[in-house]
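No hydrogens, no waters, no symmetry mates; every other heavy atom, side chains included, goes into these values. Because the structure is predicted, anything quoted here is derived from the model rather than measured.
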Amino acid sequence: FKATYAELGAYLVHTWGLPDGIAEAVAFHHSPLEAENQGVLPLTAVYVADILEYESVSGDEEQSQLDTDRGYLDAIGRSGRIPAWRELCKIPSK
């Protein structure tokens with residue numbers, strides 16, 4: 001198809017009639033600064049969740065994209081929330 005999975009997913013979401021904000025979140029979850037709309041949007045949730053999920057699987061917060069590429073979160077005034085989001089995502093031990 002010569003398209004990324006994000007582009008194909010966004011196309012499908014759009015053809016299913018879901019809101020543009022959802023299609024945008026799918027399309028730009030790896031590159032949110034490229035999105036037309038900026039602000040705290042569904043894109044923000046998907047972008048942060050994607051990175052936090054990767055961290056939880058890899059166990060690597062040191063090289064996290066949240067820490068090394070803060071441009072989007074800085075632009076929307078949310079980069080200071082990263083430690084709290086990490087804490088909220090931890091699974092409590094029994």
Side-chain angles (χ1 to χ4, degrees):
F1 291 113
K2 295 186 180 183
T4 67
Y5 75 92
E7 293 166 334
L8 291 172
Y11 172 77
L12 285 173
V13 165
H14 180 75
T15 61
W16 294 335
L18 293 171
D20 289 343
I22 302 300
E24 183 178 68
V26 172
F28 296 104
H29 72 278
H30 286 295
S31 54
L33 282 171
E34 294 178 19
E36 187 174 312
N37 298 311
Q38 296 295 308
V40 180
L41 304 163
L43 171 58
T44 309
V46 175
Y47 171 69
V48 172
D50 186 54
I51 294 169
L52 291 174
E53 186 277 334
Y54 174 79
E55 284 182 7
S56 73
V57 172
S58 71
D60 188 8
E61 290 180 12
E62 294 296 319
Q63 297 297 316
S64 172
Q65 186 176 346
L66 285 177
D67 291 323
T68 59
D69 179 24
R70 291 183 179 222
Y72 172 68
L73 295 175
D74 285 341
I76 63 169
R78 295 297 190 267
S79 60
R81 302 285 303 150
I82 295 169
W85 291 333
R86 282 190 179 121
E87 191 61 34
L88 287 169
C89 291
K90 288 183 179 176
I91 298 172
S93 57
K94 293 182 180 182

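Under the 4.5 Å side-chain heavy-atom criterion for grouping Ile, Leu, Val, Met, Phe, Trp and Tyr, Ile51 is connected to Val48 within one hydrophobic cluster. Note on Leu52 and Ile76: same hydrophobic cluster, where clusters join Ile, Leu, Val, Met, Phe, Trp and Tyr whose side-chain heavy atoms are under 4.5 Å apart, directly or indirectly.
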Quiz prompt | From CA spacing to verdict: side chain to side chain contact (heavy atoms under 4.5 Å, CB included), Leu41, Phe28 | solution = CA-CA 12 Å; Leu41 304 163; Phe28 296 104; over 6 Å; no
Could you go through residues 15-26 and list every donor-acceptor pair under 3.5 Å that involves a side-chain atom there, pairing it with any protein atom two or more places apart or in another chain?
from  : atom 1 : to    : atom 2 : distance (Å)
Thr15 : OG1    : Tyr11 : O      : 3.4
Thr15 : OG1    : Leu12 : O      : 2.8
Glu24 : OE2    : Asn37 : N      : 3.4
Glu24 : OE2    : Asn37 : ND2    : 3.4

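Shown here for Thr44 and Tyr72, the closest heavy-atom pair between the two residues is OG1-OH, 2.5 Å. Scanning both residues, His29 and Tyr5, for their nearest heavy atoms gives NE2-OH, 3.1 Å.
Summarising the geometry, atom CG belonging to Leu43 is positioned 10.5 Å from atom CD belonging to Glu34; distances are rounded to the nearest 0.5 Å. The NZ atom of Lys2 sits 13.5 Å away from atom CG of Leu8, with the distance rounded to the nearest 0.5 Å.
For the pair Leu73 and Trp85, the minimum side-chain heavy-atom distance is below 4.5 Å.
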